[in-house]
Amino acid sequence: MNKKQWTLLKILLALFALNSISLYFYFASSHRHLDDHRRHTLPGITQHRRPHLSKPWPIIPSYLPWSLTSNVAPKSCEAYFGNGFTKVADVLSPKAAVRSGSSWFRCHYSDTLRSSVCEGGKIRMDPERIKMSRGGEKLEDVIGRTEEEELPEFEDGAFQVEAGGKGSRLKRKNFVGDEFLDQFLPDGNVLKHTMRELVRSIVAVGETDFTCQEWIDEPTLLITRFEYANLFHTVTDWYSAYVSSRVTGLPNRPHLVFVDGHCETQLEETWRALFSSLRYAKNFSGPVCFRHAILSPLGYETALFKGLSEHIDCQGASAHELWQSPDDKKTARLSEFGEMIRDAFGFPVNRHHTDKAVSGDYNVLFVRREDYLAHPRHKGKVESRLSNEQEVFDALQRWASNRQECKVNLINGLFAHMSMKEQVRAIQDASVIIGAHGAGLTHIVSATPNTVILEIISSFYRRPHFQLIAQWKGLEYEAINLDGSYANPGVVIDRLNKIMRNLGC
């Protein structure tokens with residue numbers, strides 16, 4: 001055998017050895033996967049794995065990377081609206097869980113918002129230990145039901161983690177104490193802090209006692225809603241869920257479980273559009289285990305709500321501007337979130353005001369307040385913030401039909417009788433959004449750049465909700481402050497004429 005043949009033989013032997021090693025690791029890995037499967041399939045337990053497809057994250061113009069470092073400045077715009085959750089507390093180490101196959105749990109705390117996003121692996125929920133109504137019913141079937149019946153009360157062991165290792169019978173013990181809760185899940189001004197009470201209910205058990213009727217493999221957000229039929233408060237919940245998903249670095253949009261007993265509302269249409277799926281905790285027939293569960297902070301703990309009582313010095317800017325010149329006093333996060341909502345309903349996310357008016361038409365959306373039945377305790381009557389709303393609308397109809405400079409379409413925003421998709425479509429197509437102070441104006445989070453907001457504010461209800469949202473999105477905002485609740489239609493038209501001229505109409 002000559003030297004060249006000997007060299008070729010050595011190369012072939014080396015390739016054979018490398019292939020053998022690869023096959024070994026492949027089958028060893030598969031074997032470990034089967035062991036892991038068996039470890040969770042305990043004797044006497046029916047194992048169910050429901051295939052849930054997870055929706056991918058969309059590509060949106062205002063997206064900026066969510067920092068996973070501790071370099072976010074406290075009280076900066078990113079700390080308020082992005083990932084200020086930089087203090088991480090591992091209660092059960094993920095690294096140790098990889099070795100032992102037991103549970104892991106950690107909280108990401110924000111000094112700025114004074115709240116945490118918590119997450120864990122191998123988390124068990126027992127619906128029988130959560131006292132609340134079933135949830136998800138038709139509104140007409142639960143008229144008169146109290147809020148106390150709908151909000152959860154957690155018994156010890158409502159949630160469990162496995163902390164004893166393989167084959168162990170660890171004595172049940174409290175998972176965390178008051179010191180941890182006070183540090184990472186403070187009550188703040190929330191009278192009933194359900195996320196804090198959920199974590200307090202967690203009990204650590206051994207593997208033998210960690211039994212599950214169903215496993216959910218995909219990342220799942222556990223959410224408790226309070227003012228669930230109010231659009232403003234629901235938007236704070238949507239935003240908290242979105243932020244929690246990004247802070248925990250989820251590769252796809254998570255699934256949702258409502259840990260509350262509220263009935264169905266029109267707003268669930270957007271919950272389902274934004275996220276991968278939705279179930280109610282009480283709809284599970286028995287104990288369910290999550291491979292990855294995320295606890296989303298209450299909507300009251302978001303910057304959207306906290307900005308009503310504390311000064312948040314932030315101005316909306318484009319993601320392109322911030323990518324080139326980062327600024328702690330500017331944010332594109334609300335624009336990113338608004339694009340998420342529009343994309344969730346299949347609408348384009350790269351539209352600007354110039355695109356809307358390219359045909360010479362301008363939509364002026366009048367967001368109306370109308371009577372409707374919102375929840376089981378509601379009487380069906382909505383408090384009037386503009387006593388002559390119909391008179392103003394009729395005057396605007398005449399103004400729009402007689403305007404010569406350009407074509408103006410006045411859109412009658414009867415949101416209570418429109419689907420959520422129709423509402424978002426009306427918002428994105430509007431050049432001007434006008435309305436009396438009311439939750440419906442919260443939809444401006446989905447408005448496109450250069451949309452103008454004109455709010456008519458009664459002297460009986462002056463709150464900064466929509467001025468702040470417009471500021472944080474970088475939208476032009478104007479207000480007509482009334483003496484009482486009556487608006488002079490001529491004053492409204494004069495202000496609209498000025499706005500339309502500035503838009504080139």
Side-chain angles (χ1 to χ4, degrees), residues 50 52-55 58 127 130 132-143 145 147 149-152 194 216 218-245 252-284 288 294-300 302 304 337-338 340-347 370 372-378 380 382 413-427 439-440 442-443 445-446:
R50 294 170 178 261
H52 291 300
L53 295 178
S54 297
K55 299 177 184 176
I130 306 174
M132 62 185 179
S133 47
R134 180 173 176 82
E137 309 93 342
K138 299 295 184 183
L139 171 58
E140 56 268 23
D141 294 336
V142 293
I143 296 297
R145 187 167 67 189
E147 187 175 25
E149 294 176 82
E150 296 179 345
L151 291 176
T194 49
I216 305 296
E218 298 83 1
T220 303
L221 284 176
L222 307 182
I223 294 171
T224 301
R225 304 161 297 158
F226 279 77
E227 300 177 58
Y228 66 103
N230 176 284
L231 180 62
F232 173 79
H233 290 285
T234 299
V235 168
T236 68
D237 286 332
W238 291 340
Y239 193 68
S240 180
Y242 177 66
V243 170
S244 299
S245 305
N252 294 296
R253 287 186 264 178
H255 300 262
L256 302 180
V257 170
F258 284 160
V259 188
D260 60 51
H262 300 310
C263 66
E264 280 187 346
T265 72
Q266 179 188 37
L267 300 171
E268 282 189 24
E269 182 185 350
T270 305
W271 280 110
R272 295 181 187 279
L274 278 172
F275 300 97
S276 290
S277 71
L278 170 61
R279 296 178 74 177
Y280 283 79
K282 281 288 192 180
N283 291 174
F284 291 96
V288 58
I294 301 96
L295 308 183
S296 180
L298 305 180
Y300 297 133
T302 63
L304 288 166
F337 177 59
M340 268 294 304
I341 294 174
R342 300 209 315 269
D343 181 90
F345 285 115
F347 297 131
E370 53 182 329
Y372 72 103
L373 193 62
H375 55 76
R377 297 159 293 285
H378 196 240
V382 173
L414 296 171
F415 281 179
H417 295 87
M418 296 166 63
S419 70
M420 295 303 294
K421 183 173 184 176
E422 290 171 332
Q423 294 176 42
V424 173
R425 187 197 304 274
I427 290 289
T442 317
H443 270 306
V445 297
S446 301

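The first residue in the sequence is number 1, and the count goes up from there. Hydrogens, waters and symmetry mates play no part in the numbers below; they use all other heavy atoms, side chains included.
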[Y] and [X], any side-chain heavy atoms less than 4.5 Å apart:
{"X": "I294", "Y": "L222", "answer": "no"}
{"X": "V259", "Y": "I223", "answer": "no"}
{"X": "H417", "Y": "Q266", "answer": "no"}
{"X": "F275", "Y": "S245", "answer": "yes"}
{"X": "L231", "Y": "W238", "answer": "yes"}
{"X": "E218", "Y": "I216", "answer": "yes"}
{"X": "N283", "Y": "R134", "answer": "yes"}
{"X": "M340", "Y": "L274", "answer": "yes"}

- prompt: Quick one: does R225's side chain have a donor or acceptor within less than 3.5 Å of a partner on G299's backbone?
  reply: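 A pair under 3.5 Å: no.
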### Query
Is there a donor-acceptor pair closer than 3.5 Å between any side-chain N or O of Q423 and the backbone N or O of H443?
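Checked: no pair found.
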Verdict with supporting geometry, V257 and F284, side chain to side chain contact (heavy atoms under 4.5 Å, CB included): CA-CA 10 Å; V257 170; F284 291 96; 4.0 Å; yes
Check: [X]/[Y] side-chain N/O donor and acceptor closer than 3.5 Å:
{"X": "T236", "Y": "T302", "result": "no"}
{"X": "Y300", "Y": "E227", "result": "yes"}
{"X": "S277", "Y": "H255", "result": "yes"}

Show the nearest heavy-atom pair for residues [X] and [Y], with the distance to one decimal.
{"X": "I427", "Y": "S446", "answer": "CG2-C, 3.9 Å"}
{"X": "R253", "Y": "S54", "answer": "O-CB, 3.9 Å"}
{"X": "A426", "Y": "F415", "answer": "CB-CE2, 4.5 Å"}
{"X": "M132", "Y": "G261", "answer": "SD-N, 3.8 Å"}

How long is the straight-line distance from [atom2] of [Y] back to [atom1] of [X], given to the nearest 0.5 Å?
{"X": "T194", "Y": "D260", "atom1": "OG1", "atom2": "CG", "result": "8.5 Å"}
{"X": "E137", "Y": "I143", "atom1": "CD", "atom2": "CD1", "result": "11.5 Å"}
{"X": "L256", "Y": "S276", "atom1": "CG", "atom2": "OG", "result": "8.0 Å"}
{"X": "S244", "Y": "L221", "atom1": "OG", "atom2": "CG", "result": "6.0 Å"}
{"X": "D141", "Y": "C263", "atom1": "CG", "atom2": "SG", "result": "9.5 Å"}
{"X": "Y280", "Y": "E264", "atom1": "OH", "atom2": "CD", "result": "6.0 Å"}

**Prompt:** Looking at F347, is R425 sitting on its ring face, NZ or CZ under 6.0 Å from the six-membered ring centre and within 45 degrees of the normal?
**Reply:** no
Give the C-alpha distance, both sets of side-chain angles, the deciding distance and a yes or no for side chain to side chain contact (heavy atoms under 4.5 Å, CB included) between K55 and L53.
CA-CA 7 Å; K55 299 177 184 176; L53 295 178; over 6 Å; no
Requested in this report: Determine, stepwise, if the pair F337 / V243 fulfils side chain to side chain contact (heavy atoms under 4.5 Å, CB included).
Outcome: CA-CA 9 Å; F337 177 59; V243 170; over 6 Å; no
Between D237 and F226, does the side chain to side chain contact (heavy atoms under 4.5 Å, CB included) criterion hold? Intermediate values first, please. CA-CA 9 Å; D237 286 332; F226 279 77; over 6 Å; no
| message | Would you say the rings of W271 and F258 are close, in the sense that their centroids are separated by under 6.0 Å? | response |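 Distance test on ring centres: under 6.0 Å, yes.
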By side chain to side chain contact (heavy atoms under 4.5 Å, CB included), E150 pairs with (sequence neighbours left out) S133, R145, Y228, H262, P376, R377
